[in-house]
Amino acid sequence: MAVNSTLKRRSRIFFRKSAEYVGKNILGDLIVVRRNKKLLAGKIVETESYLGIKDDASHSFQGKVTPRNKITYGDGGFIYVYLIYGKYWCFNIVVSKENDPQTVFIRAIEPLEGINVMRKRRGTDDIHKLTNGPCRWTQSFGIDRSFFGKDITLNTILIVPQKHKNFEIVQTKRVGVDYARNAKNWPLRFYVKDSLFISKR
DNA sequence: GTACAGATTGAG
DNA sequence: TCAATCTGTACT
């Protein structure tokens, strides 16, 4: 995979679908980041969907708007990153259409290219600990506030669709949202069955 | 201006 | 099991 090549990628039309649809259908796809002549790539193996206004685990529950989450009310296909615990970056793709603030949270990746860069950034050689968590893979891929608002259909960061997906999808409740009253048990976490690269629990 | 929670991680 | 670490948000 060359740094400057044109890659087939998921389009605006795809990201205007629902969070459940996108969350399930990007499993097995590749995520590619190309910056500073470096190419990093991996297979998406775990996602969660957040349904927005009706979802009390979502940052935009009941139509709440803040400077931080405003972008989730915009068009699908843009990136929403936020800092958590003062040190980690969480990565989301805004999906659906304007004024419907649904998001897809990417929780884990299987590393494919740029593995030595990832090892250096993470400070470990263990390939299973580079990208098996929502803030671990962002660290490996160098995702930070500079990605906020980026268009995921352009060239810096993009999703490459894969045709042949020979795996089963496991669907469970989401991680770390027990504070949600109604939505905490909604089955909106999706992962590739038997993948060695999903987050623990 | 102050207070405080947090879609996690890593050490113990 | 539990503290790190600091921004965004809500409050005075």
Side-chain angles (χ1 to χ4, degrees), chain A residues 15 18-24 26-27 31 42 44-74 76 78-96 100-111 118-150 152 169-192 195-201:
Chain A
F15 293 112
S18 72
E20 285 169 277
Y21 181 88
V22 174
K24 258 187 234 179
I26 62 173
L27 285 182
I31 184 164
I44 299 168
V45 296
E46 180 179 347
T47 62
E48 283 177 355
S49 299
Y50 287 80
L51 307 191
I53 291 169
K54 63 181 178 180
D55 178 358
D56 54 345
S58 169
H59 291 171
S60 46
F61 180 51
Q62 292 180 330
K64 179 177 164 182
V65 183
T66 67
R68 184 177 68 160
N69 77 2
K70 194 167 186 291
I71 190 165
T72 67
Y73 289 81
F78 292 86
I79 292 167
Y80 171 48
V81 290
Y82 65 92
L83 188 64
I84 190 168
Y85 297 102
K87 59 198 295 193
Y88 303 117
W89 293 98
C90 290
F91 179 94
N92 297 260
I93 305 170
V94 176
V95 299
S96 189
D100 183 15
Q102 301 192 38
T103 53
V104 170
F105 182 44
I106 297 185
R107 289 192 56 88
I109 305 273
E110 176 179 333
M118 300 182 194
R119 286 192 167 119
K120 197 171 173 186
R121 286 177 171 160
R122 289 275 304 133
T124 177
D125 283 341
D126 186 344
I127 196 164
H128 296 107
K129 292 183 178 171
L130 298 177
T131 54
N132 61 332
C135 302
R136 288 178 174 164
W137 81 262
T138 54
Q139 194 176 15
S140 285
F141 277 69
I143 304 287
D144 59 21
R145 78 165 75 250
S146 69
F147 282 78
F148 186 94
K150 274 199 191 301
I152 200 164
I169 296 175
V170 180
Q171 187 167 355
T172 68
K173 69 177 194 173
R174 294 171 294 184
V175 174
V177 297
D178 285 347
Y179 59 85
R181 285 166 175 254
N182 299 311
K184 67 176 181 182
N185 292 319
W186 291 359
L188 295 175
R189 175 190 184 211
F190 309 101
Y191 63 87
V192 172
S195 170
L196 298 175
F197 298 91
I198 62 169
S199 65
K200 59 177 180 181
R201 267 170 239 242

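Lettering of chains follows the sequences in order, A, B, ..., and the numbering in each one begins at 1. Only this structure's heavy atoms are used, side chains among them; waters, hydrogens and symmetry mates stay out.
Atom C1' of nucleotide B:dT8 and atom CZ of A:F105 are separated by 8 Å, given to the nearest angstrom. Whole-Å rounding puts the A:D126 CG to B:dG10 P distance at 11 Å. Between A:N132 atom CG and B:dT9 atom P there is a gap of 8 Å when expressed in whole angstrom units. Between the NE2 atom of A:H59 and the P atom of C:dT9 there is a distance of 10 Å, rounded to whole Å. For A:I84 and B:dT9, the CD1 to P distance is 9 Å, given to the nearest whole Å. Rounded to a whole Å, the CH2 atom of A:W137 is 12 Å from the P atom of B:dT9. When rounded to the nearest whole Å, the span between CG of A:D178 and P of B:dT8 equals 11 Å. Taking atom OH of residue A:Y85 and atom C1' of nucleotide B:dA7, one finds them 8 Å apart after rounding to whole Å.
Among C:dT7, B:dT8, B:dA7, the nucleotide with an atom closest to any side-chain atom of A:V177 is B:dA7. When distances are taken from the side chain of A:K87 to each of B:dT8, B:dA7, C:dA4, the shortest belongs to C:dA4. Minimum atom distance to the side chain of A:N92 is reached by B:dA7, of the listed B:dA7, C:dT7, B:dT9. Among the nucleotides B:dT9, C:dA10, B:dA7, the one closest to the side chain of A:K64 is C:dA10.
Regarding contacts with the backbone of B:dT8, a side-chain N or O of A:R107 is found under 4.0 angstrom from either OP1 or OP2. Applying the 4.0 Å criterion to OP1 and OP2 of C:dA10, one finds that A:R68 has every side-chain N and O outside that range. In this model, the phosphate group of B:dT9 is not approached by any side-chain N or O of A:R122 to a distance below 4.0 Å at OP1 or OP2. Contact between the side-chain N/O atoms of A:Y179 and the OP1/OP2 oxygens of B:dA7 is found at a separation under 4.0 Å.
B:dA7 has A:Y50 stacked on its base ring, the centres lying under 5.5 angstrom apart and the planes within 30 degrees of parallel. Lacking a ring centre under 5.5 Å from that of the base six-membered ring together with a plane angle below 30°, A:Y88 does not count as stacked on B:dT8.
Pair check for B:dA7 finds none; no Watson-Crick or G-U wobble contact set falls under 3.5 Å.
With hydrogens and angles disregarded, a donor-acceptor distance shorter than 3.5 Å links the side chain of A:Q171 to the backbone of A:P187.
Judged by closest nucleotide on DNA chain B, A:S58 is the one of A:R136 and A:S58 placed further toward the 5' end.
Proximity of A:V104 to A:K24: side-chain heavy atoms (C-beta onward) are nowhere separated by under 4.5 Å. Contact check for A:Y50 versus A:T72: no side-chain heavy atoms found under the 4.5 Å cut-off. With contacts defined as side-chain heavy-atom distances shorter than 4.5 Å, the pair A:N69/A:Y80 qualifies.
When all heavy atoms are compared, the tightest approach of A:S49 to A:R174 is O-NH1, 3.0 Å.
Residue A:R174 is classed as having no contact, given no heavy-atom separation below 4.0 Å to the nucleic acid.
Aromatic rings of A:W89 and A:F147 (six-membered ring for Trp) have centroids beyond the 6.0 Å cut-off, not under it.
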